[in-house]
Amino acid sequence: LYSGPLAPSMGLGFLMILAGAVVIGLVLTLAGSYPGTVGRPHELPIVILALLGTRLVQQLPATHPQADPFATVLVMIAGTTFLFGLLSLLMGLGQAGNLFRFLPYPVLGGFVAGSGMLLAKGGLTVMLSSGGVASDLPLLLQAASPPQWLPGVAFGLAMFLATRLWRSWLTIPAFLVLGLVVFHGALALSGTDLTQAREAGLLPAQDLALSPSDLAARWPDFHRIGWGSLGRMVPDMLSVAFIASLGTLMNASAIEATIGRELDLNRDLKAVGLANLLAACVGSPAGFHSLSATSLPQHMGVRGRSAGLISSLLCLVALLGGQGLVNQIPYAITGGLLLFLGLSLLGNWLVDQRVFLSAMEYSILLAILLVMLAAGWMAAIIFGLILAVALFTYDYSRISAIRLTLTGRTRRSNVDRDDAKTKVLERYGDAILILCLQGHLFFGTAHGLLRTIGHHLQSRRDHRNPHWVLI
């Protein structure tokens with residue numbers, strides 16, 4: 001988000017994201033429908049904002065040479081967060097969250113499994129602290145790389161197997177504490193100090209802590225904002241807000257499937273809206289429910305608001321000067337934890353849920369997983385929504401629009417008739433075809449209704465076959 005010409009402002013941007021994490025986490029924990037919800041600035045809007053920010057910075061020298069790039073990008077980020085908060089609030093007030101109740105189960109499962117795959121891939125990327133990515137196979141096989149990722153992979157796999165064998169809430173905390181003790185103990189026994197460990201890529205190397213003088217020197221100049229270039233970014237900002245709204249509902253639905261509890265999506269939309277309106281005031285990117293951070297306490301057996309409150313408290317501690325604590329946590333632990341979460345989601349949907357899905361439903365799940373792995377979050381959301389519409393159309397086309405087929409002889413009105421008229425209906429009532437319909441009529445179902453009526457009318461030969469149709 002803050003790279004290239006914005007790199008000198010990375011420390012201040014980091015503090016603003018931490019402030020947003022505190023605000024979003026507290027509001028979602030206290031006002032959301034599920035007490036264990038953990039919210040934070042999300043990578044989906046951040047990735048898109050990073051691309052928009054790069055484009056905006058490249059335009060400024062030609063359109064507004066005197067503009068402050070950091071201040072202009074920061075206003076774009078805060079404005080996008082504000083638009084997202086306003087849109088989420090309006091969607092919650094308009095009960096738009098109910099629409100996602102129609103999301104097919106395999107589409108939701110594919111999204112959750114794909115998120116698990118991205119988490120596992122992200123864990124490997126964290127372990128490769130040199131800037132490589134998990135899909136870079138030659139980098140993984142280089143002689144210098146295995147010491148970086150092998151311990152983290154072993155840690156994540158061991159935690160995954162342990163949690164499937166022992167369902168105790170102590171399993172994960174015990175692994176985390178044991179991992180930290182083993183890592184720093186190994187450094188002490190090998191005579192490796194922290195500086196050497198950072199140079200080897202085993203610990204975070206960049207220190208984002210800012211002194212008060214640094215903070216004042218890097219503070220954005222809001223008197224020099226490229227408003228013209230910023231105005232041309234409004235359509236893009238609205239698009240990011242809409243995509244983030246879809247991501248909110250997707251993540252909330254995925255959390256429902258993960259924890260086995262129904263959420264009030266409209267209440268959550270209003271909470272997300274309020275959280276982002278406040279987060280915009282501190283310059284934070286947009287944020288909403290975190291699937292990984294919400295499901296982790298669930299695996300540990302933690303209930304109530306403690307997980308969200310502790311998460312926000314830790315971000316506040318880091319904001320107030322505790323960044324040094326973060327630098328003591330090795331990449332093998334953070335990356336292994338992400339790998340564990342990803343494997344847990346994949347194991348649940350690819351193995352545990354397999355018996356509840358048909359072959360076609362399982363194929364849909366795998367297709368969305370592969371799309372997310374190949375093209376990322378946004379493509380998976382679009383592909384999933386297209387599949388949801390296609391599945392709805394297919395399932396609805398298999399339901400007949402005709403609920404009951406009757407005749408004038410078997411179905412009478414509420415009118416009292418004398419014996420003579422009743423005898424006429426008894427004799428000629430089959431000439432009246434009565435069709436009781438159900439659901440909505442689309443082109444496909446209407447065509448099926450027309451064929452049914454045509455079949456009945458073509459077969460008429462005497463008074464016992466339909467001559468009239470009542471719908």
Under 3.5 Å, is there a donor-acceptor pair between the side chain of [X] and the main chain of [Y]?
| X | Y | value |
| --- | --- | --- |
| T72 | G226 | yes |
| S295 | S292 | yes |
| S245 | S88 | no |
| N276 | G287 | yes |
| S311 | A307 | no |
| R40 | A21 | no |
| R267 | A31 | yes |
| D264 | S33 | no |
| T81 | S284 | yes |
| S290 | G39 | no |

Rounded to the nearest 0.5 Å, what's the gap from [atom1] on [X] to [atom2] on [Y]? Could you check?
| X | Y | atom1 | atom2 | result |
| --- | --- | --- | --- | --- |
| L343 | M117 | CG | CE | 9.0 Å |
| M127 | L150 | CE | CG | 9.5 Å |
| L339 | F160 | CG | CZ | 9.5 Å |
| W227 | H64 | CH2 | NE2 | 10.5 Å |

Legend entry - Under the salt bridge (charged side-chain N to carboxylate O under 4.0 Å, His left out) test, residues paired with R164 that sit two or more places apart: D352

For the residue pair [X] and [Y], what are the closest heavy atoms and their distance?
| X | Y | answer |
| --- | --- | --- |
| A254 | V112 | CB-CG2, 3.3 Å |
| P106 | I368 | O-CD1, 4.4 Å |
| P35 | R261 | CD-NH2, 3.7 Å |
| Y105 | Q353 | OH-OE1, 3.1 Å |

Heavy-atom check, side chain of [X] versus side chain of [Y], under 4.5 Å:
| X | Y | value |
| --- | --- | --- |
| L291 | L345 | yes |
| V240 | M237 | no |
| L52 | T80 | no |
| F242 | L246 | yes |
| V272 | L28 | yes |
| L350 | L369 | yes |
| F82 | L277 | yes |

Legend entry - CA sep, side-chain torsions, deciding dist, call: Q59, R55, side-chain contact (heavy atoms from CB on, under 4.5 Å): CA-CA 6 Å; Q59 293 174 355; R55 192 173 79 190; 3.8 Å; yes

Inset, instruction - Scan N251, T248, D268 and name whichever one has a side chain to side chain donor-acceptor pair (under 3.5 Å) with H289. - result: D268

Inset, instruction - Can you sort out the partners of I46 under side chain to side chain contact (heavy atoms under 4.5 Å, CB included), two or more places apart, ordered by chain and number? - result: L1, P41, P285

Inset, instruction - Determine, stepwise, if the pair L249 / L269 fulfils side-chain contact (heavy atoms from CB on, under 4.5 Å). - result: CA-CA 8 Å; L249 292 170; L269 279 172; 3.9 Å; yes

Inset, instruction - Please step through side-chain contact (heavy atoms from CB on, under 4.5 Å) for the pair T163 and F175, ending with a clear verdict. - result: CA-CA 10 Å; T163 52; F175 262 86; over 6 Å; no

Inset, instruction - Go through the steps to decide whether L30 and L309 satisfy the test side-chain contact (heavy atoms from CB on, under 4.5 Å), and finish with yes or no. - result: CA-CA 9 Å; L30 298 175; L309 294 176; 4.3 Å; yes

Legend entry - Among L435, I453, I471, the one residue meeting side chain to side chain contact (heavy atoms under 4.5 Å, CB included) with I402: L435

Inset, instruction - Would you confirm whether the ring centroid of F111 sits within less than 6.0 angstrom of the ring centroid of W349? - result: no

Legend entry - Under the ring pair (Phe, Tyr, Trp, His ring centres under 6.0 Å) test, residues paired with F155 that sit two or more places apart: none

Inset, instruction - State whether a side-chain donor-acceptor pair under 3.5 Å links T63 with S229. - result: yes

